[in-house]
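Only a predicted model underlies this, so the values are computations on that prediction, with no experimental measurement involved. Throughout, a chain's letter reflects where its sequence line sits, starting with A, and its residues are numbered from 1. No hydrogens, no waters, no symmetry mates; every other heavy atom, side chains included, goes into these values.
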There are 2 protein chains.
Amino acid sequence: MPYDPSAYPPFAVTVDLVVLTVRRHALCALAVRRGEAPFQGQWALPGGFVRPEEDLGAAAARELAEETGLRVQEPGGHRAHLEQLATYGDPGRDPRMRVVSVAHLVLAPDLPAPVSGGDAKTARWAPVDRLLAPAGADREDGSSSPLAFDHARILGDGVERARSKIEYSSLATAFCPSEFTVGELRRVYEAVWGVALDPRNFHRKVTGTPGFLVPTGGTTTRQGGRPAQLFRAGGATLLNPPMLRPEV
Amino acid sequence: MPYDPSAYPPFAVTVDLVVLTVRRHALCALAVRRGEAPFQGQWALPGGFVRPEEDLGAAAARELAEETGLRVQEPGGHRAHLEQLATYGDPGRDPRMRVVSVAHLVLAPDLPAPVSGGDAKTARWAPVDRLLAPAGADREDGSSSPLAFDHARILGDGVERARSKIEYSSLATAFCPSEFTVGELRRVYEAVWGVALDPRNFHRKVTGTPGFLVPTGGTTTRQGGRPAQLFRAGGATLLNPPMLRPEV
DNA sequence: GATCATAGTCGTCTCCCTGACGATAAACAG
DNA sequence: CTGTTTATCGTCAGGGAGACGACTATGATC
């Protein structure tokens, strides 16, 4: 119930991005190396300030385009999926001033070029396991120092959101190119959940759910073995009944 | 990736509360009447500014206590449940200045006193159906003018979150007093979902899910009919498999 | 007190989905 | 040609949910 807004101290509002993709059978997140204090030289999630006349979702989409060149295309499109994740506003999460960060979650297909960022910042895909590994874990290539700020928590929340959301929605297709096989989709589930799924039961489930997959008529052998049918994501967004994640 | 925070224009950060309860077989939300412009005289969600050294969740809990006297008690406690809902930051959602609002969702048992607010603001429970009814719907007691700001959208999102979350979690018990019967819990589901459930199948489901309900040994006849066993919420927070919401 | 209405509780039956797993098909590598 | 890999179809048993019958234990009403 706002009284007089100007009577209250200002907050900085930013967006942070948890950009996930599946590369080489592993769930990976986009990380950028910080060029300035605090946390200089450490890895962090991409993000930036919300502009004065910009909606939160628009700010996230703009940052995403700046960092990766990816375009968001919400309804049925076959580019990245973007949704709001959560907001983090602990006093002291940024030592410089009070910053409230609205985190967004992006699910993207594996990009041909690793990352073609707009500016010169170092950006790379890193397996989430390594980014979330406790301090002291092996880091042979120096890429797994702990994330800056509270970004480990944000990334963890994003990963958990993605893991649970592919259970009951068709969002896993956002990790796939516009045409994909059942096996490729299965490998997405396996990478995100970190488990092995039975190919036969998976095939029965996804092809038996109306509106989930639409055959394009083509086939491919890019995975080796017998040619597989190519599919496109169907109109269904909700999976009912859901895809069950195996027990731990 | 913050540069110089002071170089960016300030935002006001507030928390808004979607406080839900079940009263007389209807899902109700807490609404307060605005005493000042803009939207003077209209109903709105309770909320207020986040203080300089206050975490977002703490601000929401403080506002909740100020408006209702409810205390939040996260782990297993039998008072209100509070969680972050989403953040709304459209430019222009508040005509006075740029306000980013972090909405929170509260699930509370039916309160004995309707609302015992701290300050003198008029607060009341209103059925969400009426609060969300399109403008022009009947409002015999004048209580259903459209909500101020974008609060109808926020309330809608909160209701949808509650509806889906009681499917796969034990959160429905947050609407019940500390001891309750299976029938009372069923009426919570029926009110939140707006459907009728089979009492026998519901009884089998909730009593057969380990850790969901713990019998206290007592019985009650406060609902009339045969005495019913009293239960307390068990430790389980996730329902697996979930409670299925009947088709539309 | 008998009857009725109201809730609660236990069972049964069928259908559908899932997990486990056998079998076949169609490509490629040697 | 043979082995390897991946895709795809089929079968079978078990669990859970929807539909619904039956019985129980209260208070209200006649």
**Student:** Measure the CG-CG distance between Asp16(B) and Leu45(B) for me, rounded to the nearest 0.5 Å.
**Tutor:** 6.0 Å

**Student:** Mind checking what makes ring pair (Phe, Tyr, Trp, His ring centres under 6.0 Å) contact with His151(B), not counting sequence neighbours?
**Tutor:** Phe149(B)

**Student:** Just how far, in rounded Å, is P of dA26(C) from CD of Gln229(A)?
**Tutor:** 13 Å

**Student:** What does nucleotides 23-30 of chain D look like as a protein-contact string, B for base, S for sugar-phosphate only, - for none, at under 4.0 angstrom between heavy atoms?
**Tutor:** -BBB----

**Student:** For atom CZ of Arg153(B), is the number of surrounding heavy atoms from other residues, nucleotides or ligands below 6.0 Å larger than 12?
**Tutor:** no

**Student:** Identify the residue among Arg187(A), Arg24(A), Arg23(A) that makes a salt bridge (charged side-chain N to carboxylate O under 4.0 Å, His left out) with Asp110(A).
**Tutor:** Arg23(A)

**Student:** Is there side-chain contact between Phe175(B) and Leu27(B), with heavy atoms separated by less than 4.5 Å?
**Tutor:** yes

**Student:** Can you tell me how far C1' of dG15(D) sits from CG of Asn240(B), to the nearest Å?
**Tutor:** 13 Å

**Student:** Is there a side-chain contact between Arg124(A) and Trp43(A) (heavy atoms, below 4.5 Å)?
**Tutor:** yes

**Student:** Would you name the heavy atoms of Pro109(B) and Pro177(B) that are closest together and state the gap between them?
**Tutor:** CB-N, 4.2 Å

**Student:** Nearest whole angstrom, please: distance from the P of dA7(D) to the CZ of Arg222(A).
**Tutor:** 11 Å

**Student:** Hey, can you pull the residues of residues 184-205 of chain A with a non-hydrogen atom under 4.0 angstrom from DNA chain C?
**Tutor:** Asp198(A), Arg200(A), Asn201(A), Arg204(A), Lys205(A)

**Student:** Inspect the surroundings of CZ in Arg222(A) and state if more than 12 heavy atoms from other residues, nucleotides or ligands are less than 6.0 Å away.
**Tutor:** yes

